[in-house]
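The chains referred to below are lettered A, B, ... by the order of the sequence lines, with proteins before strands, and numbering in each begins at 1. Note that this is a predicted model, so its numbers are computed, not measured.
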2 protein chains.
Amino acid sequence: MERDVFSALADPTRRQMLDLLVRHEQAAGELGRAFPSISQPGISRHLRVLREAGLVRVRQVRRNRYYSLRSERLAEVDAWITKYRGFWGVELDSLEAYLDAKKRTRAEDRS
Amino acid sequence: MERDVFSALADPTRRQMLDLLVRHEQAAGELGRAFPSISQPGISRHLRVLREAGLVRVRQVRRNRYYSLRSERLAEVDAWITKYRGFWGVELDSLEAYLDAKKRTRAEDRS
DNA sequence: ACATCATATACCTGTGTGGTTATGAATTGG
DNA sequence: CCAATTCATAACCACACAGGTATATGATGT
């Protein structure tokens, strides 16, 4: 438990797993099928690392373990990188555009 | 050469180094003094990793090697994490606050 | 109770990484 | 030229990690 988020993100397979989970929660086996070159235990261990880093949560439903994304830790990474955001300029604008869109969405949610 | 940015960021010492470099460029030795528990070759190798990941550049001036931050790769990480930004809501506000402050700074720069 | 499915754990193995000390290479000052 | 400074590289060690196969665990269906 209590594993470093950055080292959990260091592995490309685990990053891909998160990329898959961002769409919707997914069972371990389902996830594993996206990585045919890795054995089932390999998948399971990657998921364990993500769990221990707090990047995913698990929900057991019958025989399946459904993994889903947890935002908190990723937000920490985002907070860390915010310190450096002053170093590039162009991207700020697209980020602002994104935030504007997001704000509108949230406003609609409330209405 | 051509090393993965995320694995370069996986080490806490290297992240601290970047945190120091975000203020201003710094000579290797100067940087090293911030980590008294690590030997000089240790510092040098961390800097090599950062170099190979494209996270820093070096400029030689007389006897000193001045390291400074390179934004491109960090921007890549930022782009990656952008995919997940939809997953947290509260943090968006502080991010907006940051952007507002930044925009004001940039406006002042132009005036 | 038993077989099956879904996932996790145990154990081994090769490779990578962070740390060290010792040494090399380039620059500078006397 | 020699010594000191500044930094990088080499060689080595301990350990962590990703991968595999084999096995355990737990829940479901018959």
Side-chain angles (χ1 to χ4, degrees), chain A residues 1-21 24-70 73 77, chain B residues 1-21 24-70 73 77:
Chain A
M1 269 267 216
E2 199 60 18
R3 181 189 289 253
D4 180 44
V5 183
F6 285 91
S7 31
L9 293 179
D11 187 275
T13 303
R14 286 194 289 268
R15 288 199 300 275
Q16 270 189 263
M17 285 177 161
L18 296 179
D19 286 346
L20 290 175
L21 289 176
H24 47 74
E25 79 170 358
Q26 221 162 336
E30 206 177 345
L31 253 169
R33 252 164 272 133
F35 303 91
S37 62
I38 301 181
S39 67
Q40 178 267 318
I43 299 292
S44 185
R45 283 203 356 252
H46 277 306
L47 288 172
R48 196 233 272 253
V49 172
L50 291 175
R51 249 187 293 128
E52 290 178 350
L55 286 164
V56 297
R57 81 177 60 91
V58 204
R59 185 172 66 97
Q60 176 131 11
V61 176
R62 301 169 53 87
R63 274 188 260 191
N64 300 307
R65 249 117 159 172
Y66 288 95
Y67 282 84
S68 57
L69 215 52
R70 279 183 62 184
R73 290 307 174 81
V77 177
Chain B
M1 268 262 224
E2 199 57 20
R3 181 189 290 255
D4 180 43
V5 183
F6 284 92
S7 31
L9 294 178
D11 187 274
T13 303
R14 287 194 289 266
R15 288 198 301 276
Q16 270 188 262
M17 286 177 163
L18 295 178
D19 286 345
L20 291 175
L21 289 176
H24 46 74
E25 78 169 358
Q26 222 163 335
E30 206 177 346
L31 253 168
R33 253 164 272 132
F35 304 89
S37 63
I38 301 181
S39 66
Q40 178 266 318
I43 299 292
S44 187
R45 278 202 349 200
H46 278 305
L47 288 172
R48 198 234 271 253
V49 172
L50 291 175
R51 250 187 293 128
E52 291 179 348
L55 286 164
V56 297
R57 81 176 60 91
V58 205
R59 183 172 67 98
Q60 176 129 12
V61 176
R62 297 167 57 86
R63 271 187 271 195
N64 300 306
R65 250 115 167 189
Y66 288 95
Y67 282 85
S68 57
L69 214 53
R70 280 182 62 183
R73 290 308 174 81
V77 177

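- Within the 4.0 Å cut-off from OP1 or OP2 of C:dG19, at least one side-chain nitrogen or oxygen of B:H46 is found.
- Across all strands shown, B:S37 has heavy atoms under 4.0 Å from sugar-phosphate atoms exclusively, and none from any base.
- Note: CD (B:Q40) to C1' (D:dA8) measures 7 Å, nearest angstrom.
- Under a 4.0 Å N-O distance rule, the pair B:R45/B:D11 does not qualify as a salt bridge.
- Within 4.0 Å (heavy atoms only), B:Y66 reaches no atom of the nucleic acid at all.
- Between B:D4 atom CG and D:dA18 atom P the separation is 13 Å, expressed in whole Å.
- Distance A:R48 CZ to C:dA10 C1': 10 Å, rounded to the nearest Å.
- Picking from D:dG29, D:dC7, C:dA6 the nucleotide with the shortest atom distance to the side chain of A:N64 gives C:dA6.
- Looking at the side chain of B:R63, the nearest of the listed nucleotides D:dT5, D:dC7, C:dT7 is D:dT5.
- Within the nucleic acid shown, B:G42 comes within 4.0 Å of at least one base atom, counting heavy atoms only.
- Surrounding CZ of A:R48 are at most 12 heavy atoms belonging to other residues, nucleotides or ligands under 6.0 Å away.
- Taking 4.0 angstrom as the limit, B:R14 places a side-chain polar atom (N or O) nearer than this to OP1 or OP2 of C:dG18.
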